[in-house]
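Each chain gets a letter, A, B and so on, in the order the sequences are listed, and its residues count up from 1. Keep in mind the model is a prediction, meaning the values are calculated, not measured.
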Number of protein chains: 2
Amino acid sequence: MKATSYTREDLVDLLRRHGIAPTHQRLEIAHVLFSRCEHLAADRVLALANERFAETSKATVYNTLNLFRDRGLIREVIVDPKRVFYDPNTEPHHHLYNVDTGELTDIAAEDLRISGMPVPPPGMVTEGVDVIVRIRAL
Amino acid sequence: MKATSYTREDLVDLLRRHGIAPTHQRLEIAHVLFSRCEHLAADRVLALANERFAETSKATVYNTLNLFRDRGLIREVIVDPKRVFYDPNTEPHHHLYNVDTGELTDIAAEDLRISGMPVPPPGMVTEGVDVIVRIRAL
DNA sequence: GGCAAAGATTGGACTTTGTCTAATTCATGG
DNA sequence: CCATGAATTAGACAAAGTCCAATCTTTGCC
Ligand SMILES: [Mn+2]
Ligand SMILES: [Mn+2]
Ligand SMILES: [Zn+2]
Ligand SMILES: [Zn+2]
């Protein structure tokens, strides 16, 4: 939940370090993702990217989110069957999901200890461990 | 992973105990879910329910899965943004997900200990905790 | 059993999220 | 400035799931 403020140069640099050509649209999308530290769905990213000037298409938003995810800039959070959330924080951490409101918040990795992690079968690796704590009113 | 074999009477009873009228289609779907202890997506349930005789529609499969879920007979597993898996095992337990093959297997609750569970804010309750261990070839 | 009311099922239209494609636009470096 | 490769785009498409109005079953009651 660091509220780091990235300059345009920072973002250009970030994309370049991940082997991504820093186009206008990609920078706008990166700005949307990294300026706030929220968990956004694609439709929100599209809306926010076009808030000032409409210049980014739906196809580009999806292309870019998938690209950023493949290059390890962002991470998907699968918590709602209706849409994928994108998380600008790729450090290991977990999630608290309010099933009533759809609000998704972070749980720091240190705050939650898991013991007894299964050893992956030979020839397989553990890609990640997601913990989702679902909460609800009442 | 108990391979309990339910008779038709058992299933009628199970549905009645959950306040569900045991119709032909619901019994067939319950049979599909409880005779094998797998994690099935809706399209698989539809295919399996109609294997012997085609008598159950897509709408009924979705209606019934949602009903069974609401009444606590089955549980959803959200692990793949493309489809929901239905789990006939509603006891607390966790999941191992093979992202290459889509195979989903159980991790017994006792085998995985979680410490530091966040306390839900006042007026909220923890509905459940899902742990998904994602594994992949290589 | 027979009947009516309540409840369940159904085909198909619809919605939503996401992907794909072929055409266009853009960036770049020589 | 131009050629070339890369990125963007509109809109068609796909898949999962929901909704609806018409029809069919089930069930409680006589
Ligand atoms: Mn912006
Ligand atoms: Mn069957
Ligand atoms: Zn997060
Ligand atoms: Zn399971």
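A straight line from CG of A:L46 to C1' of C:dT17 spans 12 Å, rounded to a whole angstrom. Between A:F85 atom CZ and C:dT17 atom P the separation is 11 Å, expressed in whole Å. With rounding to whole Å, A:N50 atom CG is found 12 Å from D:dT9 atom C1'. We find that CD of B:E28 is positioned 17 Å from C1' of D:dT25, with the value rounded to whole Å. In this structure, A:D80 atom CG and C:dG18 atom C1' are separated by 14 Å, rounded to whole Å. Rounded to whole Å, the distance from CG on B:L27 to P on D:dT25 is 16 Å.
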Quick one, A:V133 with A:H94, criterion side-chain contact (heavy atoms from CB on, under 4.5 Å). Give me CA distance, side-chain angles, the key distance, then yes/no. CA-CA 8 Å; A:V133 179; A:H94 305 297; over 6 Å; no
Checking B:L46 against B:Y62 for the side-chain contact (heavy atoms from CB on, under 4.5 Å) test, could you report, in this order, the C-alpha distance in whole Å, the side-chain angles of both residues, the deciding distance, and whether it holds? CA-CA 9 Å; B:L46 178 60; B:Y62 280 103; over 6 Å; no
Can you give the donor-acceptor pairs under 3.5 Å from side chains of residues 12-21 of chain A to other protein atoms, not counting sequence neighbours?
| residue | atom | partner | partner atom | Å |
| --- | --- | --- | --- | --- |
| A:D13 | OD2 | A:R17 | NH1 | 3.1 |
| A:H18 | ND1 | A:L14 | O | 2.9 |

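At distances below 3.5 Å, not a single donor-acceptor pair connects side-chain atoms of A:D106 with backbone N or O atoms of A:A108. In this structure, the side chain of B:D100 engages the main chain of B:A137 through a donor-acceptor pair within 3.5 Å.
From B:I29, atom CD1 reaches atom CG of B:N50 across 8.5 Å, with rounding to the nearest 0.5 Å.
The 12-atom threshold is exceeded at CZ of B:R69, counting heavy atoms of other residues, nucleotides or ligands nearer than 6.0 Å.
In terms of position on DNA chain D, the residue among B:Q25 and A:S57 whose nearest nucleotide sits closer to the 5' end is A:S57.
Comparing the axis of the opening five pairs of the helix from C:dG1-D:dC30 to C:dG30-D:dC1 with that of the closing five pairs yields an angle of 20°, rounded to 10°.
Partner of B:I132 under the side chain to side chain contact (heavy atoms under 4.5 Å, CB included) criterion, out of B:L96, B:V79, B:I78: B:V79 alone.
Sequence neighbours left out, the pairs with a member in residues 109-129 of chain B that pass side-chain hydrogen bond (donor to acceptor under 3.5 Å, both in side chains) are A:R136-B:E127.
Nearest nucleotide to the side chain of B:R26, out of D:dT8, C:dT10, C:dA8: C:dA8.
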I'd like to compare against my own output: the B/S/- annotation of nucleotides 11-21 of chain D with a strict under-4.0 Å heavy-atom distance to protein. -B---SBBB--
Going 5' to 3' through nucleotides 24-30 of chain C and flagging B where a protein heavy-atom sits under 4.0 Å of the base, S where only the sugar-phosphate is that close, and - otherwise, we get -------
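The aromatic rings of A:H39 and A:H93 lie tilted to each other, with the angle between the two planes from 30° to 60°.
Residues satisfying the salt bridge (charged side-chain N to carboxylate O under 4.0 Å, His left out) test with A:R134, not counting sequence neighbours, are B:D130.
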